[in-house]
J.: 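Here's a structure for you.
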Amino acid sequence: MSSVGLLYVGAVLFMNGVMLLGYLTPREAAPINFFVGALQVMTPTVMILILADGDQQTIISASGLYLFGFTYLWVAINGVKDWGGHGLGWFSLFVAVCAVIYALHSFITVDDYGTGVLWLGWAVLWFLFFLVLGLDMDFLTRGTGVFTSVVGLTTGAGAAFAMLLGAWSGTNTAAAIGIGVVCLVALVGMQPLGRLLGKREAPVES
C-alpha cells in the first residue's frame with residue numbers, strides 16, 4: 001500500500017472509531033468512507049491493469065486494497081441507507097482471515113516485518129468488526145471505537161508519515177515492534193477506555 005493511500009486509511013479509521021464512540025452518526029461519517037473507499041478501489045485496479053505488467057508481487061500487494069475499499073464503501077452505504085450491519089460484519093470476518101494470510105506472506109515470503117505487523121493489526125480490528133456487527137456484541141462497540149482510532153493513527157497515519165519522511169523500512173523491526181506494542185496496549189485497554197471516552201447519552205427528561 002502506498003504511503004499516501006495509507007495516510008487516508010488512517011483518516012477513515014480514525015473517523016470510524018469516533019463514530020463507534022458515539023460522537024458521529026453513521027450518516028455523518030459516510031462521506032469520508034465514500035472518498036477513501038473509492039480511492040481504495042480505483043488504486044488497486046490501476047495497479048493491476050496498468051502498472052503490474054504481470055508482476056505477481058505487485059498484484060498480490062494491490063489485491064489486499066480491495067478489502068479496505070469494499071469495507072469503507074459498505075460502511076458509507078449502510079450509513080446513508082440505514083441498512084443493518086450483519087452483512088458487513090460477516091464480510092469483516094472474511095477480511096480478518098485474509099489479513100492473517102497477507103501478514104504471513106509479508107513475514108515469511110518477502111521478509112517485510114513492518115507490513116506484516118500492519119496486517120496483523122488490521123486482522124484484529126476487522127475481527128472486532130465481525131464481533132460487533134456480525135454477532136451483535138454491542139458491549140464491544142465503544143471499546144472497538146477506541147481500538148479503531150488507535151489503529152488508524154498508528155498503522156495508518158503513523159506508518160504513512162514514517163514512509164513519507166523516509167523513516168520506514170519493512171526490515172525495521174523497531175518500528176514494527178513499536179506499532180505492535182501500541183496496538184496491543186490499545187486492545188487490552190479498549191473496554192475501560194471505551195467507557196471513559198465514549199459519548200454519554202443525554203438524560204431522558206421526565
J.: Do the non-hydrogen side-chain atoms of I48 and Y66 ever get within less than 4.5 Å of each other?
T.: yes
J.: Between V182 and L153, is any pair of side-chain heavy atoms under 4.5 Å apart?
T.: no
J.: Would you mind reporting whether F34 and I77 have side-chain heavy atoms less than 4.5 Å apart?
T.: yes
J.: Assess whether atom OH of Y8 is packed by more than 12 heavy atoms of other residues, nucleotides or ligands within 6.0 Å.
T.: no
J.: Would T148 and L128 count as a side chain to side chain contact (heavy atoms under 4.5 Å, CB included) here? Give the steps.
T.: CA-CA 9 Å; T148 303; L128 287 172; over 6 Å; no
J.: Are F91 and L135 connected in the hydrophobic side-chain network, where two residues link if heavy atoms are under 4.5 Å apart?
T.: yes
J.: Going by side chain to side chain donor-acceptor pair (under 3.5 Å), name the residues that satisfy it together with T71, two or more places apart in sequence or in a different chain.
T.: W126
J.: Report whether M42 and V36 are members of the same hydrophobic cluster (ILVMFWY, side-chain heavy atoms less than 4.5 Å apart, transitive linking).
T.: no
J.: Go through it in stages, so that I can follow the logic: the residues are H105 and D112, the test is side chain to side chain donor-acceptor pair (under 3.5 Å), and I'd like the CA-CA distance, side-chain angles, deciding distance and then a yes or no.
T.: CA-CA 9 Å; H105 172 76; D112 188 342; over 6 Å; no
J.: Hey, does the side chain of R142 reach the backbone of K199 with a donor-acceptor pair shorter than 3.5 angstrom?
T.: yes
J.: Would you say that L67 contacts F94 through its side chain, given a criterion of any heavy-atom pair below 4.5 Å between the two side chains?
T.: yes
J.: Would you say the rings of W119 and F68 are close, in the sense that their centroids are separated by under 6.0 Å?
T.: yes
J.: Measure from the side-chain N and O atoms of Y72 to the backbone N and O of F35, and report whether any donor-acceptor pair falls under 3.5 Å.
T.: no
J.: Which residues pass the ring-ring contact (aromatic ring centres under 6.0 Å, His included) test with F107, not counting sequence neighbours?
T.: none
J.: Under 3.5 Å, is there a donor-acceptor pair between the side chain of E28 and the main chain of M19?
T.: no
J.: Can you name the nearest heavy-atom pair linking V151 to C183, along with the distance?
T.: CG2-SG, 4.2 Å
J.: For F127, look at atom CZ and say whether over 12 heavy atoms of other residues, nucleotides or ligands are found less than 6.0 Å away.
T.: no
J.: Is there a side-chain contact between L140 and Q191 (heavy atoms, below 4.5 Å)?
T.: yes
J.: Does any N or O in the side chain of Y113 come within less than 3.5 Å of the main-chain N or O of A176, such that one atom is a donor and the other an acceptor?
T.: no
J.: For T155, what residues pass the side chain to side chain donor-acceptor pair (under 3.5 Å) criterion, not counting sequence neighbours?
T.: W122
